[in-house]
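Take a look at the structure set out below.
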2 protein chains.
Amino acid sequence: MASTANQQTPCPEETPSDAVLRSFLGYMLKRTYLTARPLALAGMTQFDLRVPSFSCLSLIVENPGIAPSVLAECLKMERSNIVVVIDELESRDLIIRQRSKTDRRRYELTATVLGRHVHDQSVEEVRRQEERLFAGMTEEERAQIFKLLSKIESSAPD
Amino acid sequence: MASTANQQTPCPEETPSDAVLRSFLGYMLKRTYLTARPLALAGMTQFDLRVPSFSCLSLIVENPGIAPSVLAECLKMERSNIVVVIDELESRDLIIRQRSKTDRRRYELTATVLGRHVHDQSVEEVRRQEERLFAGMTEEERAQIFKLLSKIESSAPD
DNA sequence: TATTGTTATACTCTATAACTATA
DNA sequence: TATAGTTATAGAGTATAACAATA
């Protein structure tokens with residue numbers, strides 16, 4: 001049974017137990033992401049980037065000519081939401097949007113020099129911030145967490 | 001450098017690289033959580049629970065008499081947002097809300113018999129769903145991922 | 001003066017439906 | 001007919017500010 005732990009404990013004033021929740025991977029993932037996100041945000045907001053715009057910019061830098069729909073699929077975002085991010089990145093001259101000549105429905109997204117610069121700088125800054133997460137962890141543990149997260153992610157049906 | 005990988009690659013049609021993003025723990029955590037959440041949701045929506053209500057109910061079951069403010073702190077949610085969840089749980093007769101006799105500003109939250117039943121059932125169901133995430137993982141790896149996530153979480157300043 | 005619960009509100013991210021232009 | 005991009009809109013989750021009651 002899940003809830004028979006300390007049902008009789010009178011009134012946990014300031015030290016409640018979340019043992020049941022902590023036995024769920026989803027809960028632990030959310031808590032850990034909640035720890036990591038503010039650090040990542042601190043690194044990217046210096047460049048007026050949020051998580052979606054940072055991710056999109058990074059993919060565009062790494063994959064010149066990528067189409068919005070491919071971007072959406074890769075980031076598991078809706079195309080409709082990608083458009084807004086693309087619009088912003090373009091208006092800030094971080095990327096350019098060109099019609100594909102082979103398929104005129106598509107756009108080819110490419111980072112500008114400024115975009116690559118902002119990307120590289122923000123990547124460096126987010127990296128620096130994230131370093132704090134690994135305090136007291138060995139190189140082996142560090143590699144292990146990435147390996148295990150990949151393994152879990154690849155268990156997805158889709 | 002972060003973005004010097006395949007800048008010359010012409011146009012990645014359907015297989016873009018997100019190697020840079022994957023080197024960030026935050027990105028991997030988000031992707032993994034994105035894999036885990038639908039499964040957890042599938043387990044709890046059967047009982048008309050979402051992540052916040054499921055978490056609150058679990059903490060109340062495990063900590064009878066817990067106050068909303070303690071709940072908020074433990075789940076790292078705002079008190080103002082806890083209220084809405086509490087309201088719903090109470091209106092569904094899953095919990096009761098009683099004024100504390102020692103501090104009349106506080107409420108003491110307790111799960112009803114129905115609440116404990118719904119909790120236990122949903123915990124069981126979410127557990128069953130999450131099992132799928134661990135496909136192909138050894139018991140050791142399973143324990144390791146929890147250990148490493150805890151370690152990272154505890155690196156938080158707060 | 002500080003804290004607890006509360007309300008109202010705004011913001012971010014995400015999801016859905018419908019449209020257009022191209023294929 | 002199917003797909004890419006787009007628009008508008010709604011929803012969930014979260015964050016902020018102000019307030020009344022109580023300490």
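Lettering follows sequence order; numbering is per chain, from 1.
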Picking from [options], which would you name as closest to the side chain of [X]?
X        : options               : answer
A/Arg106 : C/dA15, D/dG5, C/dC13 : D/dG5
B/Arg105 : D/dA12, C/dT4, C/dT14 : C/dT4
A/Asn81  : D/dT14, C/dA15, D/dT6 : C/dA15
A/Asp103 : C/dG5, C/dA23, D/dA21 : C/dA23
B/Lys30  : C/dT14, D/dT3, D/dT7  : C/dT14
A/Glu78  : C/dT16, C/dA23, D/dT6 : C/dT16

**Report entry** Donor/acceptor link under 3.5 angstrom from A/Ser80 side chain onto base of C/dT16
**Finding:** yes
Query raised in the report: Can you find a donor-acceptor N/O pair under 3.5 angstrom joining the side chain of A/Arg79 to the base of D/dG5?
Result: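 When only heavy-atom distances are counted, A/Arg79 does reach the base of D/dG5 through a donor-acceptor pair under 3.5 Å.
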Query - A/Arg99 to A/Tyr107 six-membered ring, cation-pi geometry met (6.0 Å, 45°) - result: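 Positive - A/Arg99 is close enough to the ring of A/Tyr107 and near enough to its axis.
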Report task. Would you please say whether a donor-acceptor pair under 3.5 Å links the side chains of A/Arg127 and B/Ser23? Result ->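 A pair is found: one side chain offers a donor N or O, the other an acceptor, under 3.5 Å apart.
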Nearest whole angstrom, please: distance from the [atom2] of [N] to the [atom1] of [X].
X        : N      : atom1 : atom2 : value
A/Tyr107 : C/dA23 : OH    : P     : 13 Å
A/Ile86  : D/dT6  : CD1   : C1'   : 13 Å
B/Asp48  : D/dA12 : CG    : P     : 12 Å
A/Leu71  : D/dG5  : CG    : P     : 9 Å
B/Leu34  : C/dC13 : CG    : C1'   : 11 Å
B/Arg97  : C/dT6  : CZ    : P     : 5 Å
A/Glu88  : C/dC13 : CD    : C1'   : 14 Å
B/Lys76  : D/dA15 : NZ    : P     : 11 Å

Query raised in the report: Crowded around B/Arg37 CZ? As in, over 12 foreign heavy atoms under 6.0 Å?
Result: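 It does not: B/Arg37 CZ has 12 such atoms or fewer within range.
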Query raised in the report: Hey, which of these two, A/Lys101 or B/Val83, hits DNA chain C nearer its 5' end, going by closest nucleotide?
Result: B/Val83
Requested in this report: On DNA chain C, check which nucleotide each of A/Thr102 and A/Arg50 is closest to and give me the residue with the more 5' one.
Outcome: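 Looking at the nearest nucleotide for each, A/Arg50 comes out on the 5' side.
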Requested in this report: Answer yes or no: does a side-chain N or O of A/Arg104 lie under 4.0 Å from OP1 or OP2 of D/dA4?
Outcome: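 Answer no for this pair, as no side-chain N or O of A/Arg104 is under 4.0 Å from OP1 or OP2.
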Requested in this report: Would you tell me if any nitrogen or oxygen in the side chain of A/Arg37 comes within less than 4.0 Å of OP1 or OP2 on C/dT12?
Outcome: no
Report task. Might you point out which heavy atoms bring A/Val51 and B/Lys30 nearest each other, and give the distance in Å? Result ->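 Heavy-atom minimum between the residues: CG1-NZ, 3.9 Å.
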**Report entry** Side-chain heavy-atom pair B/Ile86, B/Leu71 within 4.5 angstrom cut-off
**Finding:** yes
